[in-house]
Amino acid sequence: MREVRVRFAPSPTGALHIGGVRTALYNYLLARKYNGTMILRIEDTDQTRYVPGAEAYIVESLAWAGIKIDEGVGVGGPYAPYRQSERKALYKTYAQKLVDEDHAYYAFDTEQDLEEMRKRTPNAQYDGVTRMQMKNSLTLSGKEVAQKLSVGEKYVIRLKVPGKEEIHLTDLIRGSVTVQSSQVDDKVLMKSDGMPTYHLANVVDDYLMKISHVIRGEEWLPSAPLHVLLYRYLGWEKEMPQFAHLPLLLKPDGNGKLSKRDADKMGFPIFPLNWQDPESGHVAIGYREAGYLPEALINFLAFLGWNPGTEQELFSMEQLIEAFTLERIGKAGARFDIQKAQWFNQHYLRSKSDDVLIGYLLDSLKKENIDCSQEKAKKIVAVMKERVTFPKDFWEQGKFFFTAPVSFDEQVVSKKWNDDTVKVLTAFSNEIKSGSNLIAETAKDTLEMVTSKLGIKTGHILQALRMSITGGASGPDLMITMEILGNAEVFKRIHFAIKTLKVKVT
RNA sequence: GGUCUGUUCGUCUAACGGUUAGGACACCAGAUUUUCAUUCUGGUAAUAGGGGUUCGAUUCCCCUACGGACUACCA
């Protein structure tokens, strides 16, 4: 097998889509598995769609996800530059070579010319039959062409696709694909602004950078035959990389590929990191900011379209590298199911050390300007650990550890708040008020002592007690919660509840 | 419309001619938990349809249906 050199080649037109992260991941896994090289190339040949900040965003996203770049933008390498806009002159020489060898030609058609051509021919495309009706170096005399060129008239260079030929290519995922050349149009190779199109730049760079495998989204499959032609005419067929066209990520419901709109609608991120649209200023939430751990996202993404063939589902990056093969990538598009991502997240979150978890809580508290001792944080994390999916849950589901409730769960109030509960809670609070430092066991003993004295079942008032302390109907172990809060606070909260709720009851 | 491509539980998928069609997420039920969650146990649930080939098709071939991608001087 030849040296594995793969590239991830996004264009900096905005935030990196989550599907792009998966494409990058598969490239990376292959590179690592075979001790190859992972290259990041920026395909910024469309100056009209260039978005400042997008490149930096891509670099940061990959770094966060744990996808390391060996060569390319940001790190450099032997085939620099890795930004296509900086390689502009290169493409021109290859386009010229194609023209010289009669595999490409100049075309001077205006937008209007093209429009008219499309209108008059059904299923129109610029190809072997229509090109003879157009303004190009195939229909114009050499003199005319030279004249136009010297005057500086705008032109593009188009590939001269043969009329009747079968183009074969072998895709590592889809097997052999055959296309009739008559179905391929004379694609523009060089645009009138002097920039190459994707097709030319991609092929030239993949060749020059000695790319061994082109792993990209399925949307490129239809143009792959064109690329094969380009390799052939440039004389690089022997060095042509192997292709692997990845199945697409589909909407969670309905049909079509996953889009930002679906994500917004269903309430999950579609970008790895927060992305602020430079025009609208609107910020789209990222996986990182939503609380997804990179290892969870990676594990989740890896399984969208690939599986190891065993029943193991939990994989670290190292394990993925070990297990990954292109052969085990599926053919069908994969529906995006955020619930599975959450499950992975919960798993990876729990496997973090207590210190890390405590750090999450402390981070949240810092943002809220709340002080908290290490010991208290440790206790809270211990009791909350089994209940969280995201780092922020420690704070969001445990706010009551820091602020007393101001309102109470209405269901519990209507169902469980009655004279008995008030009786028990009053007695209980008085009991602990004077007692020594509250710990979970004594809280429990005290509560049972009070209820048995009053002849009321503990179970009946427990939810009311929780509600008076936390405001909610469910939460972590109540006795431990009270221990963390301490006598005085518990007493205060119970009395506040009795005071405010009495009005509602009677 | 044309070209390419795909189709196994609701979802991600396993089974590369012979299995009671397996696993995971989700869902449901039971147990544990004085709540909720966790955890444990169990359960519901799929080969798109029709033809072939074969002793035997989820698996190979054809047709149909339904998806998807592409069809720009965008990538």
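Note that the structure is predicted; figures quoted are calculated from it, not measured. Letters A, B, ... mirror the listed sequences (proteins, then strands); counts begin at 1.
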Quote, to the nearest angstrom, the [atom1] distance that separates [N] from [M].
| N | M | atom1 | result |
| --- | --- | --- | --- |
| B/C74 | B/C70 | C1' | 13 Å |
| B/G49 | B/U11 | P | 15 Å |
| B/U44 | B/U7 | C1' | 24 Å |
| B/A45 | B/G10 | P | 10 Å |
| B/U8 | B/C4 | C1' | 24 Å |
| B/C60 | B/G6 | P | 11 Å |
| B/A31 | B/U38 | C1' | 14 Å |
| B/A14 | B/C9 | P | 12 Å |

Worksheet item: With no hydrogens and no angle check, do the side chains of A/Y360 and A/D393 hold a donor and an acceptor under 3.5 Å apart?
Response: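 No, because no side-chain N or O of A/Y360 sits under 3.5 Å from a partner of the opposite role on A/D393.
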Worksheet item: Between A/N27 and A/R7, do the side chains contain an N or O donor and an N or O acceptor separated by less than 3.5 Å?
Response: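 Result is no, nothing qualifies.
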Counting only side-chain N and O atoms of [X], is one of them less than 4.0 Å from OP1 or OP2 of [N]?
| X | N | result |
| --- | --- | --- |
| A/R350 | B/U39 | yes |
| A/N307 | B/A14 | yes |
| A/K257 | B/C70 | yes |
| A/R49 | B/C73 | no |
| A/K191 | B/A75 | yes |
| A/R335 | B/G10 | no |
| A/T48 | B/C74 | no |

Worksheet entry | A/Y57-A/W275 aromatic ring centre distance below 6.0 Å |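 So the answer is yes for these two rings.
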Worksheet item: Reading nucleotides 57-63 of chain B from the 5' end, what letters show protein touch, with B for base, S for backbone sugar-phosphate only, - for no heavy atom under 4.0 Å?
Response: -------
Practice prompt. Could you tell me whether A/S11 contacts a base, only the sugar-phosphate backbone, or nothing, with contacts defined as non-hydrogen atoms closer than 4.0 Å?
Written response: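 Sugar-phosphate only.
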Discussion item. Heavy atoms only, 4.0 Å cut-off, all strands: where does A/F303 land among base, sugar-phosphate and nothing?
Written reply: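 Answer is sugar-phosphate: A/F303 comes under 4.0 Å of backbone atoms only.
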Worksheet item: Between the side-chain atoms of A/R174 and the base atoms of B/U5, is any donor-acceptor pair under 3.5 Å?
Response: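 By the distance-only test, no, there is no pair.
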Discussion item. Starting the side chain at C-beta, find the nucleotide from B/A26, B/U11, B/A75 nearest to A/Q339.
Written reply: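 Selected nucleotide (nearest to the side chain): B/A26.
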Worksheet item: Considering only B/G10, B/U35, B/U34, which nucleotide approaches the side chain of A/K444 most closely?
Response: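 Comparing B/G10, B/U35, B/U34 against the side chain of A/K444, the answer is B/U34.
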Item to complete: Take the protein atom CG of A/D337 and the nucleotide atom C1' of B/C9, then report the distance between them rounded to whole Å.
Response: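 In whole Å, B/C9 C1' and A/D337 CG are 14 Å from each other.
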Report each atom pair, protein N/O against N/O of nucleotides 41-45 of chain B, whose distance is under 3.5 angstrom.
none

